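Right, one structure below, let's go through it.
Keep in mind it's a predicted model, so treat the numbers as computed, not measured.
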Amino acid sequence: VQLQASGGGLVEAGGSLGLSCAASGLTFRSYHVGWLRQAPGQERELIAASRRSGGEPYYADSVKGRLTISRDNAKNTMYLQMSGLKPEDTAVYYCAASQNVRWRMAVGYKCWGQGTQVTVRG
């Protein structure tokens, strides 16, 4: 399984950024997908997730209303659109896939790709 995130960069506070993640080596539509992030000295946290069957996505309280997760099963790709970015959103962002029932929890994700750095300058 390979997951490759892209789209990170430097953005001013209040700005927007879109991340994408290309997946290969798995039946993408059979997996829940999520975005996690890890800031220096902090635990990796799940910030958004989309269930394989669809339905309402999960968002962490810290990002609710500012981030939107989406997926395109035909392209084996997932996305994270971020707006209203804050300096505290600065972290390495990882895309991940899971078949675990705990798709709304970070521990449910054991397969993630190389991250992409997002830096928000305030």
Side-chain angles (χ1 to χ4, degrees):
V1 175
Q2 288 192 326
L3 299 162
Q4 181 62 56
S6 60
L10 175 64
V11 63
E12 298 291 331
S16 300
L17 202 61
L19 306 182
S20 61
C21 174
S24 61
L26 76 168
T27 305
F28 187 71
R29 64 179 180 276
S30 298
Y31 283 74
H32 314 303
V33 294
W35 287 93
L36 299 91
R37 70 183 182 189
Q38 187 168 23
Q42 297 189 20
E43 298 273 331
R44 192 171 300 189
E45 63 169 332
L46 179 68
I47 55 172
S50 173
R51 194 163 47 183
R52 60 190 173 193
S53 58
E56 188 171 345
Y58 162 81
Y59 295 102
D61 288 343
S62 58
V63 304
K64 202 169 290 184
R66 300 187 296 118
L67 271 58
T68 302
I69 186 173
S70 61
R71 61 191 296 168
D72 186 336
N73 289 338
K75 296 182 178 179
N76 287 2
T77 303
M78 56 193 285
Y79 306 93
L80 185 69
Q81 184 62 40
M82 304 184 290
S83 61
L85 285 164
K86 306 174 182 179
E88 51 263 44
D89 292 319
T90 295
V92 178
Y93 284 67
Y94 300 88
C95 54
S98 172
Q99 292 185 311
N100 195 299
V101 295
R102 294 180 292 181
W103 66 277
R104 293 163 57 96
M105 301 174 66
V107 295
Y109 293 86
K110 305 298 183 185
C111 177
W112 54 74
Q114 190 173 0
T116 184
Q117 176 71 44
V118 172
T119 303
V120 184
R121 185 164 57 192

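Val11 is not listed as a side-chain neighbour of Met82, based on a closest heavy-atom distance of 4.5 Å or more. Proximity of Leu80 to Ile47: side-chain heavy atoms (C-beta onward) are separated by under 4.5 Å at one or more points.
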Can you give each donor-acceptor pair under 3.5 Å made by side-chain atoms of residues 115-122, sequence neighbours left out, with the distance rounded to 0.1 Å?
residue, atom, partner, partner atom, Å
Thr116, OG1, Gly8, N, 3.1
Gln117, NE2, Ala91, O, 3.4
Gln117, NE2, Thr119, OG1, 3.3
Arg121, NE, Glu12, OE2, 2.9
Arg121, NH2, Glu12, OE2, 2.6

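Considering OG of Ser83 and CG of Leu17, their distance stands at 10.5 Å, rounded to 0.5 Å. Remark: Gln81 CD to Ser20 OG distance equals 10.5 Å, nearest 0.5 Å. Within the model, atoms CG of Leu67 and CG of Leu85 stand 7.0 Å from one another, a figure rounded to the nearest 0.5 Å. Distance check: Arg71 CZ to Cys21 SG gives 11.0 Å after rounding to the nearest 0.5 Å. In this structure, CE in Met105 is found 9.0 Å from CG in Asn100, a value given to the nearest 0.5 Å.
Across all their heavy atoms, Cys111 and Leu3 have their closest contact at O-CD1, 3.5 Å.
A donor-acceptor pair shorter than 3.5 Å can be found between the side chains of Arg37 and Tyr93.
With hydrophobic clusters built from ILVMFWY side chains whose heavy atoms lie under 4.5 angstrom apart, Trp112 does not share a cluster with Phe28.
Using modelled atom types, one side-chain atom of His32 and one backbone atom of Arg52 make a donor-acceptor pair closer than 3.5 Å. Judged by distance alone, with hydrogens and angles left aside, the side-chain atoms of Trp35 form a donor-acceptor pair with the main-chain N or O of Tyr79 at under 3.5 Å. Under a 3.5 Å cut-off, the side chain of Tyr94 and the backbone N or O of Gln114 do not form any donor-acceptor pair. At distances below 3.5 Å, not a single donor-acceptor pair connects side-chain atoms of Arg29 with backbone N or O atoms of Asn73.
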Working for side chain to side chain contact (heavy atoms under 4.5 Å, CB included), residues Ile69 and Tyr58 | CA-CA 9 Å; Ile69 186 173; Tyr58 162 81; over 6 Å; no
Please assess Val33 against Tyr109 for the test side chain to side chain contact (heavy atoms under 4.5 Å, CB included), listing each intermediate value before the final yes or no.
-> CA-CA 9 Å; Val33 294; Tyr109 293 86; 5.7 Å; no
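Within 6.0 Å of atom CD in Glu88, more than 12 heavy atoms from other residues, nucleotides or ligands are found, so the atom counts as buried in its surroundings.
Look at Lys64 and Asp61 and you find a salt bridge, because one of the NZ, NE, NH1 or NH2 atoms lies within 4.0 Å of a carboxylate O, short of that distance.
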